[in-house]
Amino acid sequence: MALENIVALVGGVGGAKLAHGLAQILPPERLTVIVNTGDDFWHYGLKICPDLDTVMYTLAGIVDRTNGWGLAGDTRAMLGAMGRFGETPWFGLGDQDIATHLLRSQALRSGETLTQVTQRLARALGIKPALLPMTDAEMPTMIETVEYGELEFQVYFVKHRWQPTVRAIRYANAESAAVSAAAATALERADAIVIAPSNPWLSIAPILAVPGMRDLLCRRDIPRVAVSPIIDGKAVKGPAAKLMSELGYGEVSARTVAAYYRGLINGYVYDERDAGQPIHEEDMQMVMFDTIMTTEGHRAVLAEKILHWIGSW
Ligand code: GDP
């Protein structure tokens, strides 16, 4: 099957890696990357979009490779200066990174949509594939915790280092949000959907919660594949495994993630390190690859394998 137009659904660090793999092997006009914006928040008057920025900096080749987010070689002088006023900053904002937030905040205040300003910033950084927020509305992820009640996402994730016990997750304002026009067009033209190995609950679920998104994804019979972020019962990084237990999904495994995506995907990629626990799901094709993307080369190899696999369906 000819797969012309590929749409990737991604969160931050894990998602950016696969988006970068796809960007390395596909002509840019054939790739659209739709990014979670549930993590977005306003801080010191700035609109901060952590996942969009992680993907943008990664695709532009300027990301801090040690952290997987933020800008390479950035400094924290502004945050240091906050101390003079008795402020104890808890969210990392690099000095150069602030340029992104300032320009975006100004654009939003002057009436541009998040899609418009994202496209403008991405183009200025030399990014050629379409990089799109899932929605132009604000639809913040809210985390109901046992210890502190409901927390804004970044307060849970960064300030409390995702240690509180999660009871439930909701997406505020979801009822009045809509898939952005550009994302909807990309999905209507898609020949295949690739869901990155991003956190299913914190990064992919918010995208799926945008009204109309699931219909757009499932409207046509095209390959819709997800890659497991859980390998050998553990998350490669971050709270995915911890959340799975806290939200009562049972066994922490790649199999549980496949079950979570039931009804949405028709193909599932899990890691060959889990070969001892083969996964079977009705209406899902399964494949095992080495999915750990430690180098830029690995990202492209995994992307290539996925596209080759779904191209053979
Ligand atoms: P965040 O928003 O920055 O937390 O990033 P994402 O949600 O996009 O990605 C986090 C998820 O990516 C975690 O659950 C990790 O287990 C997963 N992950 C990170 N790197 C890799 C990798 O190289 N391979 C696989 N399979 N999963 C990964």
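First listed ligand is number 1; within each ligand, the first listed atom is number 1. Residue indices begin at 1 and follow the sequence shown. Keep in mind the model is a prediction, meaning the values are calculated, not measured.
In this structure, Tyr156 and Pro164 have side chains that are in contact, with non-hydrogen atoms separated by less than 4.5 Å.
Sorted by first then second residue, the ring pair (Phe, Tyr, Trp, His ring centres under 6.0 Å) pairs that include residues 232-257, not counting sequence neighbours, are Trp201-Tyr249, Tyr249-Tyr260.
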For a quick test of your reading: what N or O donor-acceptor pairs under 3.5 Å do the side chains of residues 25-36 make, sequence neighbours left out?
| residue | atom | partner | partner atom | Å |
| --- | --- | --- | --- | --- |
| Arg30 | NE | Glu4 | O | 2.6 |
| Arg30 | NH2 | Leu3 | O | 2.7 |
| Asn36 | OD1 | Gly38 | N | 2.7 |
| Asn36 | ND2 | Asp39 | OD1 | 3.0 |
| Asn36 | ND2 | Asp51 | OD2 | 3.0 |
| Asn36 | ND2 | Leu202 | O | 3.4 |

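For Glu304, the side-chain hydrogen bond (donor to acceptor under 3.5 Å, both in side chains) test picks out no residue, with sequence neighbours left out.
Protein residues having a heavy atom under 4.0 Å from any atom of ligand 1 are Gly11, Gly12, Val13, Gly14, Gly15, Lys17, Asp51, Pro197, Ser198, Asn199, Ser203, Ser228, Pro229, Ile231, Ala235, Val236, Lys237, Ala240, Thr291, Ile292, Met293, listed by chain and number.
A salt bridge links Arg65 with Glu296; the closest basic N to acidic carboxylate O contact falls under 4.0 Å.
A side-chain contact (heavy atoms from CB on, under 4.5 Å) with Leu114 is found for exactly one of Asp40, Thr135, Leu132, namely Asp40.
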